[in-house]
Enquirer: 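What follows is a structure written as structure tokens; I'll ask about it next.
Along the sequence shown, residues carry numbers from 1. All values derive from a computational prediction rather than experimental measurement.
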Amino acid sequence: MNLQEVLSHFDGVKRRNENEYIARCPCHDDKKQSLCIGSGEKGVVLKCQAGCDTRAILDRVGLKPADLFFEKKQDNRPQVTATYQYPNGVQKLRRSDKSFTWRRPDGKGGWIYNRKGVPHSLYIAGELSEDVAIVEGEKDADNLHKLGWTAVSGEDGAGPGKWRSEYTEQLLDFPVVIFQDNDDVGKAYAQEVATALSGVAKSIHLLDLSKIWTEIPEHGDVSDLIARFGEKQASDMIAELIRKTPAWAPQNPAVSCAADVPYEEPKWTIAPYFQRGKGTLIQGDSGSGKTAFVCAVAAHVSTGKPLLNSTIETPGNVLVLSVEDDQPILRGRIEASGGDLTKIFFHNNPAGLTFTSPEIWSIVKQYQIKLIIFDPFQAFLGSGIDMFRANETRPVLARLFELCDQGDCAVIIVAHTSKSSDKSAVNRSLGSVDIPASMRSVMQLIRNPDNPDQCIMVHVKSSNAPRGRSIAYTIGDRGGVHWDGYSPIIVEDLGSIAKREKKGIPYDQEPLVQVFVQLITDKPGGGFWSYNDLKRRGTEILGFAPFDSISDLRQRLDDGLSRELLSKDGIMVTHSERGHGNVRGIRIEQYALPKSYQTKISG
């Protein structure tokens with residue numbers, strides 16, 4: 001018997017591929033068609049996936065084992081299973097072993113089995129009309145045509161360069177939809193086709209079948225969709241996909257879609273203070289210990305020893321470029337801070353170098369530098385660059401950070417601050433506001449207002465991580481740094497500290513502080529005072545009004561005084577509260593005994 005004759009004895013026969021079928025096994029309650037039937041070298045092969053005996057299966061359907069063998073005259077050569085007629089007259093023959101043969105008319109009623117000299121053409125299932133579907137093969141085109149589409153495919157399937165200019169010409173001014181196969185080759189080919197048709201086709205929609213069929217297999221195509229869901233449901237699904245798919249537009253090489261950009265975790269030298277490939281700005285007034293601080297950081301990077309609780313993630317060599325201190329002074333500071341001097345390098349003539357000097361980046365590569373320090377900022381901008389003009393500083397810094405990223409190193413830039421205390425903490429450095437804006441981390445160094453011998457590093461900006469804790473340090477012999485621990489001072493305190501320094505009034509002599517301390521002393525439970533009562537009582541305590549206006553009071557409290565009162569004296573002051581009669585004022589609460597506890601203000 002041949003294969004078809006054997007198949008006729010079974011129920012529920014379905015074709016799996018060219019040479020294999022499935023059917024219901026007669027030996028068990030088979031609801032999933034677990035019997036495989038296919039062609040072998042000498043005859044038909046049966047196998048039940050449930051394990052039923054082949055002889056028992058044959059007996060149930062009235063067959064004998066001998067019936068499975070092909071007749072001797074059986075032709076086992078691959079048979080033609082489909083013939084595809086192209087508009088240019090050639091035919092493509094599909095064989096049972098999935099091979100293809102081309103033939104063209106010989107003009108005498110016969111065939112020549114090649115396609116030499118025949119112009120290239122799309123295979124067209126149907127007639128070119130208003131809507132054209134583009135698929136990878138003739139089988140897909142025929143299946144779509146059954147759903148009512150005019151469908152086309154190229155001669156040679158998908159792959160780089162297989163879409164030809166002749167195909168593009170055939171689709172001039174037609175709206176097209178492109179069905180991409182679910183694999184890398186299919187997706188790349190679909191993009192190639194869309195690009196070729198851009199500006200030629202009336203409109204282009206590139207369809208991703210996984211949007212409507214989430215379980216689509218690898219290499220799955222529109223024919224698989226139709227086989228899986230049936231013609232009606234597949235037709236509805238395709239229509240829905242087209243409605244939801246926006247028109248395709250050519251990709252601009254200058255534009256990247258966020259979904260296509262891989263996320264990268266920040267790379268740190270010391271998290272969250274110093275990020276590799278980005279810039280860190282250290283700013284402070286004269287005498288705030290900037291150079292000592294960066295030398296101490298260099299010491300930790302050179303040894304790999306943690307800075308308080310912060311791990312040195314990339315220890316190694318450090319390059320120090322300074323035009324303000326000579327090498328012996330810098331060496332002394334780093335050595336006094338415990339640095340490994342064999343991993344610290346200076347440039348012998350930094351004057352005249354710029355942030356992007358090739359000489360610097362040659363050193364970075366040669367010595368595998370992990371941290372570069374530039375001190376001060378303006379010395380390395382280069383001649384002709386105005387640090388107060390954003391359009392001049394921005395490209396220089398952008399190139400600097402690009403070089404840092406290539407070298408996988410962190411960069412610290414030391415900057416002086418302006419005299420104005422009205423600027424925000426981030427923008428205190430001299431120059432354009434684009435300078436701190438371009439940095440991923442900015443640190444403000446100040447003297448501790450309660451201990452002038454101690455310096456505080458306040459992390460005022462951190463773009464790629466939460467701000468780090470403020471660090472207190474003392475500068476000792478030879479400029480070495482001793483880390484005193486973490487400081488409670490935060491960025492919100494800097495404004496009030498700067499203004500108090502400018503006025504020269506210590507915290508405990510601040511008029512409002514004296515008033516609030518006296519009020520909570522007189523009334524330990526706290527309470528509510530209207531603005532008028534507060535001003536009247538403050539005048540009685542001080543001999544003069546403690547604030548000029550309500551807006552003046554509110555601003556001083558919001559600028560950091562409220563936080564200082566809470567942290568230093570345990571007094572919580574909130575303004576714009578409502579009292580009896582809907583009168584606005586302040587509310588005071590006591591959380592701890594004031595340091596300056598007293599029964600009255602002494603003269």
Side-chain angles (χ1 to χ4, degrees), residues 261-284 289-321 334 337-340 343-345 355 360-361 363-365 367-375 377 397-415 425-426 429 435-445 455-473 481 483 485-487 490-491:
V261 178
Y263 172 72
E264 293 183 0
E265 292 281 351
K267 301 176 296 182
W268 301 99
T269 294
I270 307 176
Y273 305 104
F274 305 98
Q275 185 178 348
R276 305 202 308 274
K278 306 296 180 183
T280 297
L281 190 69
I282 305 294
Q283 60 187 22
K290 297 186 296 296
T291 303
F293 178 81
V294 296
C295 284
V297 171
H300 280 273
V301 173
S302 71
T303 63
K305 294 179 181 179
L307 195 166
L308 295 180
N309 293 332
S310 298
T311 302
I312 311 300
E313 298 192 19
T314 52
N317 294 339
V318 181
L319 176 62
V320 181
L321 300 162
I334 295 169
S337 293
D340 181 350
K343 295 183 178 179
I344 304 294
F345 297 89
F355 289 124
I360 294 175
W361 298 100
I363 295 171
V364 169
K365 183 177 180 180
Y367 290 88
Q368 297 182 332
I369 299 298
K370 297 301 179 185
L371 173 64
I372 313 172
I373 297 172
F374 292 96
D375 184 11
F377 175 87
L397 292 173
R399 177 57 180 160
L400 166 63
F401 302 144
E402 181 182 338
L403 291 168
C404 285
D405 189 48
Q406 293 172 5
D408 193 32
C409 60
V411 60
I412 294 176
I413 302 174
V414 179
V426 173
S429 63
I435 296 170
S438 67
M439 304 292 167
R440 299 303 88 190
S441 179
V442 178
M443 300 174 201
Q444 176 78 28
L445 305 188
C455 299
I456 307 291
M457 181 281 290
V458 183
H459 202 192
V460 300
K461 175 184 176 181
S462 182
S463 299
N464 295 324
R467 287 199 300 258
R469 298 170 66 183
S470 300
I471 296 175
Y473 61 97
V481 165
W483 304 111
Y486 295 108
S487 168
I490 60 174
V491 62

Enquirer: Applying the salt bridge (Lys or Arg N to Asp or Glu O under 4.0 Å) criterion to D405, which one of K278, R276, K267, R440 satisfies it?
Expert: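 Going through K278, R276, K267, R440 one by one, the salt bridge (Lys or Arg N to Asp or Glu O under 4.0 Å) with D405 is satisfied by K267 alone.
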Enquirer: For residues I369 and L371, report the shortest heavy-atom separation together with the two atoms involved.
Expert: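 For I369 and L371, the tightest heavy-atom pair comes out as CG2-O, 3.1 Å.
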Enquirer: Is the side chain of H459 donor-acceptor paired with the backbone N or O of R469 at a distance under 3.5 Å, no angle test?
Expert: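 Answer holds: no.
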Enquirer: Roughly how far, to the nearest 0.5 Å, is CD of Q283 from CD of Q444?
Expert: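 With rounding to 0.5 Å, CD (Q444) is 4.5 Å from CD (Q283).
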Enquirer: Calculate, to the nearest 0.5 Å, the distance between atoms CD and NZ belonging to Q368 and K343 respectively.
Expert: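 NZ of K343 is found 11.0 Å from CD of Q368.
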Enquirer: Within a reach of under 6.0 Å around OH of Y486, are more than 12 heavy atoms found that belong to other residues, nucleotides or ligands?
Expert: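 Atom OH in Y486 is packed in, count exceeds 12.
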Enquirer: Closest approach of A465 and W268, non-hydrogen atoms and distance?
Expert: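 Reported closest heavy-atom pair: CB-CZ2, 3.7 Å.
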Enquirer: For F401 and F355: C-alpha separation, side-chain torsions, deciding distance, then whether ring pair (Phe, Tyr, Trp, His ring centres under 6.0 Å) applies.
Expert: CA-CA 9 Å; F401 302 144; F355 289 124; 8.5 Å; no
Enquirer: Specify the closest pair of heavy atoms between K370 and T269, including all atoms of both residues, with the distance to one decimal.
Expert: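 So the minimum-distance heavy-atom pair works out to O-OG1, 4.0 Å.
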Enquirer: Angle class for the F274/F293 ring planes (parallel below 30°, perpendicular above 60°, tilted otherwise)?
Expert: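 Tilted.
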Enquirer: For the pair K461 (side chain) and M439 (backbone), establish whether a donor and an acceptor sit closer than 3.5 Å, ignoring hydrogens and angles.
Expert: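 Side chain of K461 to backbone of M439: a pair is present.
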Enquirer: Between V297 and I282, is there a side-chain heavy-atom distance shorter than 4.5 Å?
Expert: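 I282 does not reach V297 side chain to side chain.
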Enquirer: Could you please spell out the steps behind the side-chain contact (heavy atoms from CB on, under 4.5 Å) verdict for Q406 and L403?
Expert: CA-CA 5 Å; Q406 293 172 5; L403 291 168; 3.9 Å; yes
Enquirer: With rounding to the nearest 0.5 angstrom, report the CD1 to CH2 distance, I471 to W483.
Expert: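 Rounded to the nearest 0.5 Å, the CD1-CH2 separation comes out at 6.0 Å.
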Enquirer: Which heavy-atom pair separates I413 from L397 by the least distance, and what is that distance?
Expert: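 Closest pair (atom of I413, atom of L397, distance): CD1-CD2, 4.4 Å.
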Enquirer: Any donor-acceptor pair under 3.5 Å linking the side chain of T303 with the backbone of D340?
Expert: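 Not at all, since once roles are kept as given, no pair shorter than 3.5 Å links the two residues.
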Enquirer: What's the verdict on side-chain contact (heavy atoms from CB on, under 4.5 Å) for L319 and I360, showing C-alpha distance, side-chain angles and the deciding distance?
Expert: CA-CA 9 Å; L319 176 62; I360 294 175; 4.2 Å; yes
Enquirer: For L445 and C455: C-alpha separation, side-chain torsions, deciding distance, then whether side-chain contact (heavy atoms from CB on, under 4.5 Å) applies.
Expert: CA-CA 7 Å; L445 305 188; C455 299; over 6 Å; no
Enquirer: Applying side-chain contact (heavy atoms from CB on, under 4.5 Å), run through L400 and W361 and close with a yes or a no.
Expert: CA-CA 10 Å; L400 166 63; W361 298 100; 3.5 Å; yes
Enquirer: Determine whether a donor-acceptor pair (N or O, by modelled atom type, separation under 3.5 Å) exists between the side chain of S337 and the backbone of I334.
Expert: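 Not at all, since once roles are kept as given, no pair shorter than 3.5 Å links the two residues.
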Enquirer: Looking at E402, I'd like to know if its CD atom is crowded, meaning that more than 12 non-hydrogen atoms belonging to other residues, nucleotides or ligands lie closer than 6.0 Å.
Expert: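 Enclosed.
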Enquirer: Indicate yes or no for a side-chain donor-acceptor contact from N464 to the backbone of P266 under 3.5 Å, with no hydrogens or angles considered.
Expert: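 Not at all, since once roles are kept as given, no pair shorter than 3.5 Å links the two residues.
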Enquirer: With a 3.5 Å cut-off and no angle check, do the side chains of S441 and S462 form a donor-acceptor pair?
Expert: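 S462 and S441 do not have a side-chain donor-acceptor pair below 3.5 Å.
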Enquirer: Do the non-hydrogen side-chain atoms of Y273 and S310 ever get within less than 4.5 Å of each other?
Expert: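 Yes, at least one pair of side-chain atoms sits under 4.5 Å.
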Enquirer: Taking all non-hydrogen atoms of both residues, which atom of T280 and which atom of M443 are closest, and how far apart?
Expert: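 Smallest interatomic distance, heavy atoms only, reads CG2-CE, 3.9 Å.
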Enquirer: Locate the shortest heavy-atom distance separating P436 from S429; write the atom from each residue and the value.
Expert: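 Closest pair (atom of P436, atom of S429, distance): CD-OG, 3.9 Å.
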Enquirer: Check whether any side-chain heavy atom of Y473 lies under 4.5 Å from a side-chain heavy atom of L308, and answer yes or no.
Expert: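 Contact flag for Y473/L308 side chains = no.
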